[in-house]
2 protein chains.
Amino acid sequence: MSNISIYKEKLRESGLRPTRQRLKICEVLFTPEKTFHFTINDLTKIIENKLSEKISLATVYNTIHAFKKKGYLKEISINSDKSYFDTNVTEHHHFFDEDTNELIDCSNEEIDSVNIKKNITGKKIKSVEVLIKVASDNQNQN
Amino acid sequence: MSNISIYKEKLRESGLRPTRQRLKICEVLFTPEKTFHFTINDLTKIIENKLSEKISLATVYNTIHAFKKKGYLKEISINSDKSYFDTNVTEHHHFFDEDTNELIDCSNEEIDSVNIKKNITGKKIKSVEVLIKVASDNQNQN
DNA sequence: TCAACAGTTTAGAATTGTTTTAATGTGAAC
DNA sequence: GTTCACATTAAAACAATTCTAAACTGTTGA
């Protein structure tokens, strides 16, 4: 399985040594066909359950942060008690279902490009994120 | 000063009794001409310093939450260790300066309206928030 | 007038997500 | 093989938020 060498490369690119623990993290993050959203908690649960591997939280955090810094993961700007990450690093946006706390991708084709007429002197735009909050029709606003 | 009666009304509308502590919170939030962004920590500091009043955190939290629920405050969707609130409850968007961690309003006139072509079955759009992250030109991406 | 009560305030404790620490482990290069 | 920089780990520290339990307050209605 040459995936392993891809993972090792990703780790080295992120300034991390390819250790057993980190390769497991890569396996969970980068093997699936479909991209997905996760929290650190989700990720450690998957590793523990599916791979019956126990990886210390500190290792998970430092690996995820390195991947984010390198651009192999994106952090989604949603105000929540926890941080959400996305293995889809292409430019796209999100629906957030307030009933289920679920994130749903909104591809660039599904939204007209955002045209910003203002700019902040001396500052460069790093990212533009659109978050569309949705909820059941027949539901009280919370 | 008839502001007081406005504040009392706002509190009652939010299902809260107008107590001394809560009126102080209203004073800080709703007296200024200009709307502003704040964290719970900011708010308690302002109350302590400017009004030399000490209000328990629990009271601040419950009042802010009630105002948010009622729509007198907006919570800004930014992924951060703390929650940011906005006294500007009209529809508008934000720049986030990554260098200074500062939020800057982006009015609806300064951005073309976002046109969403996708919809989630059975769900209604509650809000659309655009967050534009900016940073110094000559700065490393973090 | 005052007893009762529903809602409030408060300090501190509890909880939760995240980061730090300090000790121990590991693997590639000499 | 030794060494050394980097890793892993469990546990402690930390920070934001929520919860708790006890004391307080203001209205209501005997």
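Just so we're on the same page: letters track the sequence lines, and every chain starts at 1.
Annotation: salt bridge (Lys or Arg N to Asp or Glu O under 4.0 Å) contacts involving residues 103-115 of chain B, sequence neighbours excluded, comprise A:Lys117-B:Asp112, A:Lys118-B:Glu110.
Residue A:Arg22 is the one, among B:Ile40 and A:Arg22, whose nearest nucleotide of DNA chain D lies closer to the 5' end (criterion: closest heavy atom).
Using a 4.0 Å heavy-atom criterion, one finds that B:Thr39 contacts no nucleic acid atom at all. Within 4.0 Å (heavy atoms only), A:Ile55 reaches sugar-phosphate atoms of the nucleic acid but no base atom.
Paired with B:Phe38 under the rule side chain to side chain contact (heavy atoms under 4.5 Å, CB included), one option of B:Thr44, B:Ile46, B:Val28, B:Leu73 passes, and it is B:Leu73.
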inquiry  = Could you go through B:Phe85 and B:Phe36, starting from their C-alpha distance and side-chain angles, then the distance that decides it, and tell me whether this counts as ring pair (Phe, Tyr, Trp, His ring centres under 6.0 Å)?
reply    = CA-CA 8 Å; B:Phe85 295 90; B:Phe36 62 99; over 10 Å; no

ask   = Given B:Arg22 and B:Leu16, is the side chain to side chain contact (heavy atoms under 4.5 Å, CB included) satisfied, shown in steps?
value = CA-CA 9 Å; B:Arg22 286 175 177 158; B:Leu16 300 176; 3.6 Å; yes

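Here B:His65 reaches the OP1 or OP2 of D:dT18: one of its side-chain N or O atoms lies under 4.0 Å away. At the phosphate of D:dT25, neither OP1 nor OP2 sits under 4.0 Å from any side-chain N or O atom of B:Thr19. An OP1 or OP2 oxygen of D:dT9 is reached within less than 4.0 angstrom by a side-chain nitrogen or oxygen of A:Thr59. An OP1 or OP2 oxygen of D:dT17 is reached within less than 4.0 angstrom by a side-chain nitrogen or oxygen of B:Tyr61.
A salt bridge is defined here as a Lys NZ or Arg NE, NH1 or NH2 lying under 4.0 Å from an Asp or Glu carboxylate O, and B:Lys10 with B:Glu13 fails to meet this definition.
For DNA chain C, the contact window with chain A, defined by any atom under 4.0 Å from a protein heavy atom, covers C:dG17 to C:dT20 in 5' to 3' order.
Residues A:Lys133 and B:Ser77 have side chains that bring a donor and an acceptor to within less than 3.5 angstrom of each other.
Contacts between residues 8-17 of chain A and DNA chain D, defined by a heavy-atom separation under 4.0 Å, are made by A:Gly15, A:Leu16, A:Arg17.
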